[in-house]
Amino acid sequence: MRNAEVALHFDELADLYELDGAVSYRVIAYRNAAKSIREANASVEEMTKARRVTELAGVGKTIAEKLQVLFETGEIPAAQKLKSKYPPGLVEITRLPGFGPKRARKLFDELGIASLDDLRKAAEAERLREIPGFGPKAEESVLVALDAGLDDRTKPRLLLSRARAIAESLAGALREHPAAERVEIAGSARRWTDTCKDLDLVAASSDPAALAEAFSGLPLIGEVHSSGTAGVRAVTHNGMSIDLRIVGPESFGNLLQHFTGSNKHNEALRTDAVRRGFHVSEYGVVDDSTGTSHACATEEEVYELIGLRYIEPELRENRGELQAARDGTLPELVRVEDIRGELHCHSTTSDGRNTIEEMTAAARELGYEYIAITDHSASHGFGNDVQPDELRRQTERIRELDARTDGIRILAGSEVNVLPDGSLDYEDDLLAELDWVIGSLHSSFRMGEQEQTERMIKAMEHPLVDAIGHPTGRLIDRRRPYAIDVEAISRAAARTGTFLEINGNPDRRDLSDVNVRIAVEVGATIVIDSDGHGTETLPNVQYGVATARRGWLTATQVANTRSWEELDALRKRGAPARA
DNA sequence: GCCGTTTTCGGCCCGACTGTTTTCAGTCG
């Protein structure tokens with residue numbers, strides 16, 4: 001059973017215990033365990049069998065036993081028992097805004113409401129007001145939420161690229177206002193997560209009311225829900241929730257730290273701070289020994305006050321960063337400026353929108369030292385295939401162009417399809433003429449895990465495959481990764497000297513942050529590419545770098561932070577003979 | 001239910017808002 005599926009069992013168990021009125025810390029314990037399991041960098045099933053699963057943070061004796069039973073029987077008995085007690089519709093009710101487990105439980109106990117449908121009928125019949133603690137407003141909000149399909153799961157999350165574009169535009173407009181002293185994007189957009197549920201902006205101002213009013217009037221803002229001197233809650237015309245918070249400049253650091261999150265990071269940070277005698281909130285850091293509250297103008301001061309090194313936003317997921325900040329072992333994260341060459345992009349020869357000349361000029365503009373043109377290969381569909389003769393002609397053209405182009409090296413490459421049996425769809429003698437070969441899967445996504453893993457490993461064993469493109473094939477929120485053993489392919493990558501890609505296309509970001517951490521832990525080396533299909537998408541490498549940073553990567557672990565000569569020497573075909 | 005350079009028992013983050021209340025529980029971020 002995969003870690004993600006195991007985690008779902010424990011999230012469900014937490015929901016059920018919550019409905020059952022269990023002590024909240026128990027519920028939190030199951031949720032923490034679920035998170036830990038989801039992000040574990042080894043198979044939790046294997047760890048359980050090896051009796052090592054309690055090494056995971058948040059997994060103790062009881063949860064280890066439940067894991068054991070889950071793997072033996074496919075079920076957790078406690079969950080089975082609770083499921084017979086509470087109908088599945090109750091959990092759905094807890095997802096409605098304003099409804100949590102306590103209120104859902106009350107509805108069930110008092111009126112026998114067991115589903116969203118029951119709830120709608122009771123609200124329409126004005127029966128909710130019979131229950132203490134519920135009134136006409138509750139009935140109204142139920143109907144509004146149900147009509148709008150407003151529960152959390154149906155509300156779409158926005159892809160980071162789109163979310164950041166909106167956030168940057170709003171932040172930019174705010175910065176122009178005379179009352180704005182500092183404006184920053186906070187929340188998940190600042191942590192560069194794959195998607196964002198909503199946007200958080202924070203501002204420092206000596207005239208909050210004026211700034212709040214100006215924000216409410218921005219053209220992007222569709223509807224203002226509440227507005228005051230503390231901030232504004234609003235929704236854009238396309239339905240994105242925006243939270244702007246405003247404080248005085250003296251505590252801007254506290255606010256930014258608080259609203260950057262993640263919740264898990266802040267919880268852990270505060271727990272840690274309490275042990276050291278500090279209470280941290282968005283307004284300041286209270287020192288218990290003196291009773292004084294320190295306002296911090298910068299985030300650095302917040303972390304320093306409680307004895308921690310500064311933690312980059314991308315690391316704030318409670319994945320070990322607090323311990324590392326205490327020990328002084330935080331990694332020095334790779335930066336966009338460290339990337340020296342593009343190794344995966346397309347031209348009009350396959351499905352790109354720009355010529356090789358245009359792509360090259362754009363890459364030089366970005367400060368790159370080299371660019372590999374990697375159009376699709378012979379078996380690629382949609383009329384975008386490149387037959388062997390055409391690739392030969394293109395390679396000759398690239399050699400010519402490279403000879404008369406200054407300031408950047410142009411490499412002849414290909415993104416070659418890995419066929420279902422693990423072979424490639426060009427002959428070896430053709431591949432040998434190229435400078436750079438990426439192997440990618442573009443077909444037969446539904447193979448079983450073992451077969452798919454073997455297919456990819458076979459491709460990596462090919463002496464001319466330099467890197468694997470978008471290794472898990474996921475499309476964020478649209479297509480699940482194909483069944484593949486990430487740890488096994490990472491080991492194979494390390495063994496064969498094949499690089500694994502972080503594809504920077506904001507729809508892909510593949511490998512993911514969690515997977516890339518697994519990959520480098522077993523010794524694989526990464527390349528970060530844009531997979532640009534036009535000059536304007538070459539900067540997408542920033543999303544790849546963000547994923548790398550979220551996976552704790554340093555520049556050394558990324559091959560294309562090196563010069564082409566150094567990279568060439570590092571790869572399996574080796575440099576000595578070719579230098 | 002988990003966890004331990006103050007603890008193997010007794011803790012476990014913080015503040016605001018909302019709707020329902022005469023002082024607050026539940027929810028949210």
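A note on names: the letters A, B, ... follow the listed sequences, proteins ahead of strands, and every chain is numbered from 1.
- Stacking annotation: A:Phe99 is not stacked on the base of B:dT27 (requires ring centroids less than 5.5 angstrom apart and an interplanar angle below 30 degrees).
- Contact check, A:Arg270 against B:dC13: no side-chain N or O comes under 4.0 Å of OP1 or OP2.
- For the C1' atom pair drawn from B:dG29 and B:dC13, the interatomic distance equals 13 Å after rounding to whole Å.
- The side chain of A:Tyr283 has B:dA16 as its nearest neighbour among B:dC28, B:dA16, B:dC2.
- For A:Lys137, taking side-chain heavy atoms from C-beta onward, the closest of the listed nucleotides B:dG19, B:dT7, B:dG29 is B:dG19.
- For A:Pro136, the listed nucleotide lying nearest its side chain is B:dT20; candidates were B:dC13, B:dG1, B:dT20.
- One C1' atom belongs to B:dG15, the other to B:dT8, and the distance between them is 33 Å to the nearest Å.
- Counting any heavy atom pair closer than 4.0 Å across all strands shown, A:Arg326 reaches no nucleic acid atom.
- Taking the nucleotide of DNA chain B with the nearest heavy atom to each of A:Gly98 and A:Phe278, the more 5' of the two is matched to A:Phe278.
- Picking from B:dG29, B:dG15, B:dC13 the nucleotide with the shortest atom distance to the side chain of A:Ser281 gives B:dG15.
- Nearest nucleotide to the A:Ala138 side chain, out of B:dG29, B:dG1, B:dT20: B:dT20.
- A cation-pi arrangement is not found for A:Arg276 relative to A:Phe278, the charged atom failing to lie both closer than 6.0 Å to the ring centre and inside a 45° cone about the ring normal.
- Each of A:Glu299, A:Glu184, A:Glu312 was checked for a salt bridge (charged side-chain N to carboxylate O under 4.0 Å, His left out) with A:Arg190, and the lone residue meeting it is A:Glu299.
- Among the nucleotides B:dC12, B:dG29, B:dG1, the one closest to the side chain of A:Thr271 is B:dC12.
- In this structure, of B:dG29, B:dC13, B:dG1, it is B:dG29 that holds the atom nearest to the side chain of A:Asp200.
- Counting only distance, with no hydrogens or angles, the side chain of A:Asn254 and the backbone of A:Cys296 share a donor-acceptor pair below 3.5 Å.
- Taking only side-chain nitrogens and oxygens, A:Tyr30 comes nearer than 4.0 Å to OP1 or OP2 of B:dG1.
- Of all nucleotides listed (B:dG29, B:dG1, B:dC13), B:dC13 comes nearest to the side chain of A:His279.
- Of the candidate nucleotides B:dC2, B:dC13, B:dC28, B:dC2 has the atom nearest to the side chain of A:Thr62.
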